[in-house]
Amino acid sequence: AGDYALAWSLNGQPTAQAGELIGILREADSKGLNAEDYDASRWDGHLQRLDQPDTAARFDAALSVCLMRYVSDLHVGRINPDHFKFKLATRNSSVDLPQFLRQLAAGGSDLRAQLELVEPPFPGYRRTQAALRRYLELAHQDSGAPLPVPAKAVDPGSPYAGVPSLAQLLRQLGDLPADATVPPGDLYQEPLVAAVQRFQERHGLTADGRLGAQTLRQLNTPLPVRIEQLRLTLERWRWLPHEFPQPPVVVNIPEFRLRAFGAGGREMLSMNVIVGKALRHETPVFAKDMRYVVFRPYWNVPPSIQRSEIVPAVQRDRSYIARKNYEVTTHGGQFVTDGAISDELLEQLRAGKLAVRQKPGPTNALGLVKLIFPNEFNVYLHSTPSQQLFAQTRRDFSHGCIRVEKPEELAAWALQGNPDWDLAKVRAAMQTGKDNVQVNLAKPIPVLILYGTAVTYDDGSVHFYDDIYGHDAQLRKALAKGYPYHR
């Protein structure tokens, strides 16, 4: 298309666009990428030999290939999420890389602004990049010396040998205001206690101000580990569609948090959630469309739970089905019994020839409403009678489905496109309505079940969470292999 003319050099000298692009590639670490993937340490050598025979063509090819790689990595990420069996079904339009690069080489535009257009357009993505740049700067200033870990937790008002170092660290991280005055000595007191509480809140801990083992473990986590968490989260941001037909519902598993968004990406609703147990019943990472809501639902016991939990319980107590408000049915849903279980029925249950479901009502495991986005995992959002569990800081208690803290508000938000379905009507349907009533949504709503251990809030504060399912470790291992990454 350019009549075979070199795109990035002229008469043995790099073009202005080439010089600026090399600078951008060298700064790739600040984007959460690896600058060496784009030959960061090689450009000086290329430029020194640019006036030698054949070198200009090699330089031209090298810069074009590295830049196409850079653009692709910014646009859709380095690794395909399918490699981890994540079902995200990214629908981003592809970038015509050769045409895009020819436009950049032609000049006359702001190169950085043009490159930013291929990145995810979300405010949370940009906030995470800003947090990464800040933590990279902090890492250069950090001494790396850990805080002392006492034999038992330090309560407010008690002596602690690490007070000066603690104050310095919390000031660096922004939890202790720059103008706060810390009294001299080794007494752990205000304003340090309030700063520790802010730190605890940002790290998914109980904000009690005590310097216990978990709090000190988080305080002593090296900054390079936090930097890596931010980089991995940026990679996952790039796996998402850049546009949605409707504002989505997003669940972040390690944060135990759900957010519903409105027009322009504005957060409309936020609540705690309970997710699947680590190692045993992990909630999958995937995206689907919510299509209907069921009020006062039955809970159809999954075969695995029936086999491992219900059948042994019935064997010990033949009245278990009746006591727990269950009933036995055929697989087609035909009622069999809700009373005492005979030997014959027990054998059919054990063989999987009959099914078990829990009747609707306040004690139902699904609570009084479930929100369905049909998927291969049989995972959905639902309420729960066990409200006390939402007070826990770590909330992986379920068999894989997601229990929500504010089911009435979420159902009303999902049904806002349906005439007359306001919060009052939702509450009435849950409390006094008919059993197992399905209401189809006026428009499907995208639901994203995601995994990010670093989240930057609107106020700029950065929150870090434990890698409860080990997904960070898997992504880190895959990225450590370098190019070619799994596509």
Side-chain angles (χ1 to χ4, degrees), residues 85 87 89 274-277 279-386 397-404 407 411 414 429-430 433-441 444 447 449:
K85 297 182 173 57
K87 304 298 182 181
I274 292 166
V275 301
K277 297 176 185 176
L279 303 178
R280 295 181 57 194
H281 303 289
E282 296 178 0
T283 298
V285 176
F286 69 104
K288 286 290 183 179
D289 290 339
M290 185 189 302
R291 298 191 176 276
Y292 59 93
V293 175
V294 179
F295 292 102
R296 302 182 66 84
Y298 284 99
W299 177 45
N300 297 300
V301 178
S304 60
I305 299 177
Q306 177 175 316
R307 183 172 55 252
S308 63
E309 300 180 24
I310 301 294
V311 168
V314 171
Q315 188 165 355
R316 291 190 299 268
D317 177 6
R318 297 307 178 91
S319 65
Y320 180 83
I321 292 292
R323 285 196 304 102
K324 294 294 185 179
N325 206 31
Y326 289 123
E327 60 188 26
V328 177
T329 70
T330 66
H331 286 292
Q334 184 177 353
F335 175 82
V336 175
T337 184
D338 58 3
I341 303 300
S342 66
D343 290 344
E344 180 184 358
L345 286 179
L346 177 59
E347 285 306 312
Q348 292 185 68
L349 287 170
R350 182 180 287 113
K353 295 179 180 180
L354 293 175
V356 175
R357 68 185 183 190
Q358 191 176 25
K359 299 175 185 178
T363 61
N364 185 283
L366 303 185
L368 295 170
V369 65
K370 64 180 181 179
L371 300 95
I372 304 298
F373 35 104
N375 61 83
E376 63 196 271
F377 308 105
N378 200 28
V379 165
Y380 39 85
L381 301 167
H382 66 87
S383 56
T384 175
S386 304
F397 301 123
S398 83
H399 284 82
C401 285
I402 299 160
R403 308 173 195 171
V404 300
M430 291 173 63
K434 295 180 180 180
D435 291 343
N436 210 46
V437 172
Q438 176 175 320
V439 180
N440 296 328
L441 302 189
V447 177
I449 314 299

Does the [X] side chain pair with the main chain of [Y], one donor and one acceptor, at a distance under 3.5 Å?
{"X": "His281", "Y": "Cys401", "answer": "no"}
{"X": "Asn364", "Y": "Gln358", "answer": "yes"}
{"X": "Thr330", "Y": "Gln334", "answer": "yes"}
{"X": "Thr384", "Y": "Gly367", "answer": "no"}
{"X": "Glu282", "Y": "Leu279", "answer": "yes"}
{"X": "Ser319", "Y": "Ala322", "answer": "no"}
{"X": "Arg296", "Y": "Met430", "answer": "yes"}
{"X": "Ser383", "Y": "Leu368", "answer": "yes"}

Report task. For the pair Val439 and Phe295, evaluate side-chain contact (heavy atoms from CB on, under 4.5 Å) and give the outcome as yes or no after the intermediate values. Result -> CA-CA 8 Å; Val439 180; Phe295 292 102; 3.9 Å; yes

Heavy-atom side-chain contact between [X] and [Y] under 4.5 Å:
{"X": "Tyr298", "Y": "Tyr326", "result": "no"}
{"X": "Val447", "Y": "Lys288", "result": "no"}
{"X": "Leu381", "Y": "Met290", "result": "yes"}
{"X": "His399", "Y": "Ile305", "result": "yes"}
{"X": "Val311", "Y": "Arg307", "result": "no"}
{"X": "Val294", "Y": "Asn436", "result": "yes"}
{"X": "Leu366", "Y": "Trp299", "result": "yes"}
{"X": "Ile321", "Y": "Val356", "result": "yes"}

Query raised in the report: Judged by modelled atom types alone, do Asn440 and Gln438 share a side-chain donor-acceptor pair under 3.5 Å?
Result: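 There is such a pair (donor and acceptor under 3.5 Å, judged by atom type) between the side chains of Asn440 and Gln438.
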
Query raised in the report: About how many Å separate CG of Asp317 and NZ of Lys324, when rounded to the nearest 0.5 Å?
Result: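 Answer for the NZ-CG pair, Lys324 versus Asp317, is 9.5 Å.
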
Closest heavy-atom pair and its distance - [X], [Y]:
{"X": "Arg318", "Y": "Ser342", "value": "NH1-C, 3.5 Å"}
{"X": "Pro385", "Y": "Pro362", "value": "CB-O, 3.3 Å"}
{"X": "Thr337", "Y": "Gly339", "value": "OG1-N, 3.0 Å"}

Requested in this report: List the steps and the verdict of side-chain contact (heavy atoms from CB on, under 4.5 Å) for Leu354 and Val336.
Outcome: CA-CA 9 Å; Leu354 293 175; Val336 175; 4.2 Å; yes

Could you tell me whether [X] and [Y] make a salt bridge, using a distance below 4.0 angstrom between a side-chain N and a carboxylate O?
{"X": "Arg357", "Y": "Glu327", "value": "yes"}
{"X": "Asp435", "Y": "Lys359", "value": "no"}
{"X": "Asp343", "Y": "Arg350", "value": "no"}

Query raised in the report: Checking side-chain contact (heavy atoms from CB on, under 4.5 Å) for the pair Tyr320/Ile310: CA distance, chi angles, key distance, verdict?
Result: CA-CA 9 Å; Tyr320 180 83; Ile310 301 294; 4.1 Å; yes

Query raised in the report: Is it true that atom NZ of Lys87 has more than 12 heavy atoms of other residues, nucleotides or ligands lying nearer than 6.0 Å?
Result: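 Yes, enclosed.
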
Query raised in the report: How about Arg323: does its CZ atom have over 12 heavy atoms from other parts shown lying under 6.0 Å from it?
Result: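 Count over threshold, so yes.
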
Query raised in the report: Out of Thr283, Asn375, Val379, Val285, which one pairs with Ile449 under the side-chain contact (heavy atoms from CB on, under 4.5 Å) rule?
Result: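 Single side-chain contact (heavy atoms from CB on, under 4.5 Å) partner of Ile449 among Thr283, Asn375, Val379, Val285: Thr283.
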
Requested in this report: Report the C-alpha distance between Arg291 and Leu441 in whole Å, list the side-chain angles of each, state the deciding distance to 0.1 Å, and finish with yes or no for side-chain contact (heavy atoms from CB on, under 4.5 Å).
Outcome: CA-CA 6 Å; Arg291 298 191 176 276; Leu441 302 189; 5.7 Å; no

Query raised in the report: If you draw the axis of the six-membered ring of Tyr380, does the NZ or CZ of Lys370 fall within 45° of it and under 6.0 Å from the ring centre?
Result: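 Yes, Lys370 sits over the ring of Tyr380.
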
